[in-house]
**Student:** 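Quick one: the structure is below, questions incoming.
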Amino acid sequence: MLTNIKYFSKEYRYKEVEMKKYGLSFLNVFLLAFMLLIFGPAEIFFANATEFEFVYGEFAGYLALAAAGVSLVVSGVLVLLPDKLYRLAMSVVFGFSLAGYLQVMFLNGQLDLLGLNPDGYQVRTGAAVGNLCIWLLVIGCVVVLAYVKKDLWKNVVKYGAAFLLCIQAVALVSLLVTARDEAYHHKTQEWHLTGEDQYVVSAKENVILIVLDYFSNQRLLEVQAKYPDVMDCLHDFTYYNNADCNYYGTFPSITHMLTGKKVDASIPVNEWFNNVWTDPDTISFYEKLREKDYVVNVYTSDTHYLCGTNDVEIFNTCFSNVTNSSRTVNVFYRLLLKTLTKMSCYRMAPEMLKNTFYTAGSEYTDIITYEEDVIWHNNADFYRGLLENGLTVDKRSNYFIVQHLLGTHEYTTTADCAQSPSSTLEDTVRGCMVMVEEYLNQLKQLGVYDNSTIIITADHGDMVDSQVIFYIKEPGVQRETTAETNAPISLHELRPTIAQAAGLDASLFGQTIHDFAENEQREREVWVRDSDTRYTIVQNYVEDRIGYANIYKVYKYTGDYGDLLWQIEQELYDVVQMVDSFF
């Protein structure tokens, strides 16, 4: 009897020890899973909720279940390991969690969480090595402690994990409570730009503006080294090889292009958007186009670049393809879960590994699709629509069309304009021009090419090579080869040029590109957003997070790109402070 009691007592203590061991394992594994699958995605989402079309409930439950399931299984495997191997594994798990927490809180700086950089995440080798040393030091200290001071190690791992879990859980609750309503609910009916007529042109007169995002002159030179004939389809065009974008970034450039209004950094971004679209001069421009019987259709997939958090109804007096109707929402759940998990890993990873998890912005846009009123923005999608649907004509009105396409903002287009997760700059440009050539050929087949003014440009280049491609073909022009000029133009002349092409009095809106001559000297300026700790850090324009930038560096130059590059290299710029930051 006494022997049985001892046996059961020993068995009970053994099970108690195993349960405690499992509990410690679960706590640590769940901490890492919580950071990667629950808190990380939530923080990314709520900080950028206005940029996303999906809502929190469409991913939170799935990722929470995944975190719990993974934690239960992995913890069960860990407790089966021999003691020394168990301590090593647990030390690595806790070390990763601790180093990841330090990375997010103190080491990341201003991270691009929306995939805005076509070259992915860039880090200097020295910075990556230093950052890796911090990670190895943190993990190494926990591992050494596990074998030198086992009891102290156990307390550090247990209470440290509990502490990190609690403070992040509290932060999560705060995010959930303070989030905007749009983070939880799709609008059943909302103002939006419709893509219903994206492939419709006029049988009479067209002014067509094709904006290939993030496409600079310097990138074109790189591409022509591999594909010398890449732009040959533009033989009827004039190439302005000295065109300035005025602003680095789709904001504020695309709005500036369509309104002619310079950015005002002294007022909040949303206020500036409201001012420029309600400005009598802006309204007058589009009213005069309508008086000339022009339909104005603007196709861009993300209207935040045009109006911020203002309602799309603000375009009602300007654009023709504004509508207020319900749309059926389709959610690509697997891509949603994959993308947020990947970006959570990117956020937490050491510098050396961040580019492995970097996610292009188009992956976010592909998560949500609509069954009605779709606007095609990706190069491959737009090209496929051209092939499947073809352009059609409207005989009733003239058309001013703006096609804002992905261009070279991501290297995800093959040389034959198919979608690829990892292409090159050269092949992406080649694919863009396959798409443009098909568009031009269909205009010719419909008999409307000769009566069309067509402008092919970009909203911006890079931070350094900020001059953009600018090609224009005017009605009736036919050439064997592309004409070229170094006339010093900028996108500020775009609106008057469009006015002139539509038969309006361009002088009402400023100078056109035709007002500047070959070899003319003219001072221009480009505004480049930046972050500088010497100036006040500002909020993002939706006030959910700190802005990525707080100043504009304004470079003024006379001449060509070489003169601009000299100004940049010499750091000769004026500073304009922001009130808030779009990015």
**Student:** When you check the side-chain N and O atoms of N324 and H192, is any donor under 3.5 Å from an acceptor?
**Tutor:**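 N324 vs H192: no donor-acceptor pair found between side chains.
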**Student:** Taking it one step at a time, do N378 and T412 satisfy side chain to side chain contact (heavy atoms under 4.5 Å, CB included)?
**Tutor:** CA-CA 9 Å; N378 281 358; T412 55; 6.0 Å; no
**Student:** Less than 4.0 Å between a side-chain N and a carboxylate O, is that true for R430 and D427?
**Tutor:**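 R430 and D427: not salt-bridged.
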**Student:** Hey, could you give me the CZ/CZ distance between F357 and R347, rounded to the nearest 0.5 Å?
**Tutor:**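 Between F357 CZ and R347 CZ, I get 14.0 Å after rounding to 0.5 Å.
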**Student:** Give me the atom names and distance for the closest heavy-atom approach of T323 to D373.
**Tutor:**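 The pair with the smallest heavy-atom distance is CG2-OD2, 4.0 Å.
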**Student:** Which atoms form the tightest heavy-atom contact between F273 and C307, and what is the distance?
**Tutor:**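 Closest approach of F273 to C307, heavy atoms only: CD1-C, 3.4 Å.
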**Student:** Output the distance between atom CG (L258) and atom CH2 (W277), rounded to the nearest 0.5 Å.
**Tutor:**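 These two atoms lie 5.0 Å from each other.
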**Student:** Taking side chain to side chain donor-acceptor pair (under 3.5 Å) as the test, write out the residues that go with T328, two or more places apart.
**Tutor:**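 Scan of T328 (side chain to side chain donor-acceptor pair (under 3.5 Å), adjacent residues dropped) gives E372.
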**Student:** To check you understand the geometry: which heavy-atom pair defines the closest contact between N297 and S320, and what is its length?
**Tutor:**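 The pair with the smallest heavy-atom distance is OD1-CB, 3.6 Å.
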**Student:** Closest heavy-atom contact between S344 and G40?
**Tutor:**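 Heavy atoms only, the tightest pair is OG-CA, 3.5 Å.
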**Student:** Looking at T414, T413, V223, which hits side chain to side chain contact (heavy atoms under 4.5 Å, CB included) with T428?
**Tutor:**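 The side chain to side chain contact (heavy atoms under 4.5 Å, CB included) with T428 is passed solely by T413 among T414, T413, V223.
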**Student:** Which pairs, with at least one residue in residues 55-68 and sequence neighbours excluded, count as a side-chain hydrogen bond (donor to acceptor under 3.5 Å, both in side chains)?
**Tutor:**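 Applying side-chain hydrogen bond (donor to acceptor under 3.5 Å, both in side chains) to every pair that reaches into residues 55-68, excluding sequence neighbours, yields E58-H186.
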**Student:** Distance-only, no hydrogens or angles: does the T408 side chain make a donor-acceptor pair with backbone N or O of Y214 under 3.5 Å?
**Tutor:**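 Yes; at least one donor-acceptor contact below 3.5 Å.
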**Student:** Would you check, one step at a time, whether the test side-chain hydrogen bond (donor to acceptor under 3.5 Å, both in side chains) holds for E53 with Y370?
**Tutor:** CA-CA 10 Å; E53 295 185 87; Y370 296 96; 2.7 Å; yes
**Student:** Please test E190 against V312 for side chain to side chain contact (heavy atoms under 4.5 Å, CB included), starting from the C-alpha separation and ending with a verdict.
**Tutor:** CA-CA 8 Å; E190 61 176 336; V312 173; over 6 Å; no
**Student:** Set out, in order, the CA-CA distance, both residues' side-chain angles and the distance that settles side chain to side chain contact (heavy atoms under 4.5 Å, CB included) for Y439 and Y383, then state yes or no.
**Tutor:** CA-CA 8 Å; Y439 194 91; Y383 180 60; over 6 Å; no
**Student:** Counting heavy atoms not belonging to K338, are there more than 12 under 6.0 Å from its NZ?
**Tutor:**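 Counting other residues, nucleotides and ligands, NZ of K338 stays at 12 neighbours or fewer.
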**Student:** Please check if atom OH in Y333 has more than 12 non-hydrogen atoms from other residues, nucleotides or ligands closer than 6.0 Å.
**Tutor:**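 Yes, enclosed.
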**Student:** Side chains of I368 and F52: does their closest heavy-atom pair fall under 4.5 Å?
**Tutor:**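 The answer is no; the side chains never approach within 4.5 Å.
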**Student:** Is a donor on one side and an acceptor on the other found under 3.5 Å between the side chain of N48 and the backbone of I44?
**Tutor:**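 Side chain of N48 to backbone of I44: a pair is present.
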**Student:** Is the backbone of F382 close enough, under 3.5 Å, to the side chain of Y199 for a donor and an acceptor to pair up by distance?
**Tutor:**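 Between the backbone of F382 and the side chain of Y199 there is a qualifying donor-acceptor contact (under 3.5 Å).
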**Student:** Between the main-chain N or O of V269 and the side-chain N or O of D580, is there a donor-acceptor pair closer than 3.5 Å?
**Tutor:**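 It does hold such a pair.
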**Student:** What I'd like to find out is whether the side chain of R529 reaches to under 4.5 Å of the side chain of S581, using heavy atoms alone.
**Tutor:**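 Result no, sub-4.5 Å side-chain heavy-atom pair not found.
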**Student:** Any non-hydrogen side-chain atom of F315 less than 4.5 Å from a side-chain atom of V296?
**Tutor:**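 No, their side chains stay 4.5 Å or more apart.
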**Student:** Drop me the distance from Q198's CD to L391's CG, to the nearest 0.5 angstrom.
**Tutor:**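 The CG atom of L391 is 10.0 Å from CD of Q198, to the nearest 0.5 Å.
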**Student:** Could you walk me through whether W272 and F251 pass the ring pair (Phe, Tyr, Trp, His ring centres under 6.0 Å) test, one step at a time?
**Tutor:** CA-CA 12 Å; W272 179 74; F251 169 86; 5.8 Å; yes
**Student:** Identify each donor-acceptor pair in which a side-chain atom of residues 65-81 lies under 3.5 Å from a protein atom, sequence neighbours left out, and give them as a table.
**Tutor:**
{"unit_1": "S71", "atom_1": "OG", "unit_2": "A67", "atom_2": "O", "d": "2.7"}
{"unit_1": "S75", "atom_1": "OG", "unit_2": "F26", "atom_2": "N", "d": "3.3"}
{"unit_1": "S75", "atom_1": "OG", "unit_2": "S71", "atom_2": "O", "d": "2.6"}

**Student:** Would F400 and F319 satisfy ring pair (Phe, Tyr, Trp, His ring centres under 6.0 Å), going step by step from the backbone distance to the final call?
**Tutor:** CA-CA 10 Å; F400 171 42; F319 305 160; 8.7 Å; no
**Student:** Answer with yes or no whether the side chains of Q218 and E222 bring together a donor and an acceptor at under 3.5 Å.
**Tutor:**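 There is no such pair between these side chains.
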**Student:** Has N28 got a side-chain atom pairing as donor or acceptor with M90's backbone, closer than 3.5 angstrom?
**Tutor:**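 Absent.
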**Student:** Could you state the interatomic distance from CG (D302) to CG (L193), rounded to the nearest 0.5 Å?
**Tutor:**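 One finds 10.5 Å between CG of D302 and CG of L193.
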**Student:** Does the separation of the ring centres of F39 and Y101 fall below 6.0 angstrom?
**Tutor:**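 Not close enough - the centres of the two rings lie 6.0 Å or further apart.
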**Student:** Checking the side chain of N379 only, and the main-chain atoms of G407 only, is there a donor and an acceptor separated by less than 3.5 Å?
**Tutor:**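 Checked: pair present.
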**Student:** Okay, side chain of S174, backbone of V170: is any donor-acceptor separation there less than 3.5 Å?
**Tutor:**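 Answer holds: no.
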**Student:** Where the side chain of N206 meets the backbone of I208, is there a donor-acceptor pair that is under 3.5 Å apart?
**Tutor:**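 Such a contact is absent between N206 side chain and I208 backbone.
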**Student:** For the side chain of W376 and the backbone of G195, is there at least one donor-acceptor N/O pair under 3.5 Å apart?
**Tutor:**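 No: the side chain of W376 does not pair with the backbone of G195.
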**Student:** What distance do C233 atom SG and Y471 atom OH have between them, rounded to the nearest 0.5 Å?
**Tutor:**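 Going from the SG atom of C233 to the OH atom of Y471 covers 9.0 Å.
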**Student:** Quick one: does Q467's side chain get under 4.5 Å of L220's, heavy atoms only?
**Tutor:**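 No; the side chains remain at least 4.5 Å from each other.
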**Student:** Which pair of heavy atoms, one from S253 and one from Y247, lies closest together, and at what distance?
**Tutor:**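 S253 and Y247 have their closest heavy atoms at CB-O, 4.0 Å.
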**Student:** State yes or no: are the ring centers of H404 and Y299 separated by less than 6.0 Å?
**Tutor:**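 H404 vs Y299: aromatic centres not under 6.0 Å.
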**Student:** What closest approach, in Å, do T309 and V542 show between heavy atoms, and which atom pair accounts for it?
**Tutor:**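 Nearest pair, atom of T309 first, then V542: CG2-CG1, 3.4 Å.
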**Student:** Would you say the side-chain atoms of T250 and D213 include a donor-acceptor pair closer than 3.5 Å?
**Tutor:**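 Looking only at side-chain atoms, D213 and T250 do form a donor-acceptor pair, the distance falling under 3.5 Å.
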**Student:** Do I254 and T300 have side-chain heavy atoms sitting under 4.5 Å apart?
**Tutor:**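 No, too far: nothing below the 4.5 Å cut-off.
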**Student:** State, with a plain yes or no, whether a side-chain heavy atom of Y227 is found less than 4.5 Å away from one of V429.
**Tutor:**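 No - every pair of side-chain heavy atoms lies 4.5 Å or more apart.
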**Student:** Taking the six-membered ring for Trp, is the centroid-to-centroid distance between F582 and Y305 below 6.0 Å?
**Tutor:**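 Under 6.0 Å, so yes.
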**Student:** Enter the distance from I469:CD1 to N217:CG here, rounded to the nearest 0.5 Å.
**Tutor:**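 Interatomic distance, I469 CD1 to N217 CG, rounded to 0.5 Å: 8.0 Å.
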**Student:** Establish, from distance only, whether the side-chain atoms of S216 and D462 form a donor-acceptor pair under 3.5 Å.
**Tutor:**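 Their side chains do not contain a donor-acceptor pair, so the 3.5 Å distance test is not met.
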**Student:** Any side-chain heavy atom of Y541 sitting closer than 4.5 Å to one from H304?
**Tutor:**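 Y541 vs H304: side chains touch.
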**Student:** Among E351, Q103, K354, which residue meets the side-chain hydrogen bond (donor to acceptor under 3.5 Å, both in side chains) test with N131?
**Tutor:**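 Going through E351, Q103, K354 one by one, the side-chain hydrogen bond (donor to acceptor under 3.5 Å, both in side chains) with N131 is satisfied by Q103 alone.
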**Student:** Please walk me through it: do F332 and N330 pass side chain to side chain contact (heavy atoms under 4.5 Å, CB included)?
**Tutor:** CA-CA 7 Å; F332 188 0; N330 295 319; over 6 Å; no
